[in-house]
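Below is one structure, written out as C-alpha cells, with a few remarks after it.
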Amino acid sequence: MEVKVHKKGIIVIPVEVRRRLNIKEGSVIELEVEGDKIILKRKMTLLDAYGIDKEMGNSAVKELEKLRKEEEVEKENSV
C-alpha cells in the first residue's frame with residue numbers, strides 16, 4: 001500500500017488496515033526502523049492477549065487495578 005506523508009510527518013493508515021487490525025482513535029502503534037524500512041505494529045493490550053474471552057480479560061484488568069490501588073494506599077500510609 002502506498003500512503004502520502006503530510007506536514008510534520010503525519011501519515012494516514014488506510015481504513016481497510018485499521019479495520020483489519022482493530023486500530024481506533026487512541027490505539028497505540030509501535031514503530032520500528034530496520035535499515036531503510038519503517039515497521040508499524042499495533043501494540044497488544046491485556047484485553048487483546050485474552051483474545052475473544054473478553055470476560056476473562058475484563059476480570060484480569062479489574063484485579064490489576066485493585067492491586068495497583070492497594071499498592072498506592074500502602075505507599076501513602078508508609079509516608
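- Hydrophobic clustering places L21 together with I38 (ILVMFWY residues linked when any side-chain heavy atoms are closer than 4.5 Å, directly or through intermediates).
- Taking both residues in full, the closest heavy atoms of V12 and V3 are given as O-CG1, 3.4 Å, listed atom of the first, atom of the second, then distance.
- Looking at L67 and E70, their side chains come closer than 4.5 Å, going by heavy atoms from C-beta outward.
- For the atom pair E65 CD and R68 CZ, the distance stands at 6.5 Å (nearest 0.5 Å).
- M1 and I39 fall into different hydrophobic clusters, where Ile, Leu, Val, Met, Phe, Trp and Tyr side chains are chained together by heavy-atom contacts under 4.5 Å.
- Atom CG of L31 has more than 12 heavy atoms from other residues, nucleotides or ligands within 6.0 Å.
- With rounding to the nearest 0.5 Å, the separation of NZ in K24 from OG in S27 is 7.5 Å.
- Atom CD1 in I11 sits 13.5 Å away from atom NZ in K4 (nearest 0.5 Å).
- Between I23 and R42, the shortest heavy-atom contact is CG1-CD, 3.8 Å.
- Clustering ILVMFWY residues whenever any of their side-chain heavy atoms sit less than 4.5 angstrom apart, transitively, puts I10 in a cluster other than the one holding I13.
- Linking Ile, Leu, Val, Met, Phe, Trp and Tyr whenever their side-chain heavy atoms come within less than 4.5 Å puts V17 and V5 in one cluster.
- For the pair K62/K66, no side-chain contact is recorded, criterion being any heavy-atom separation below 4.5 Å from C-beta on.
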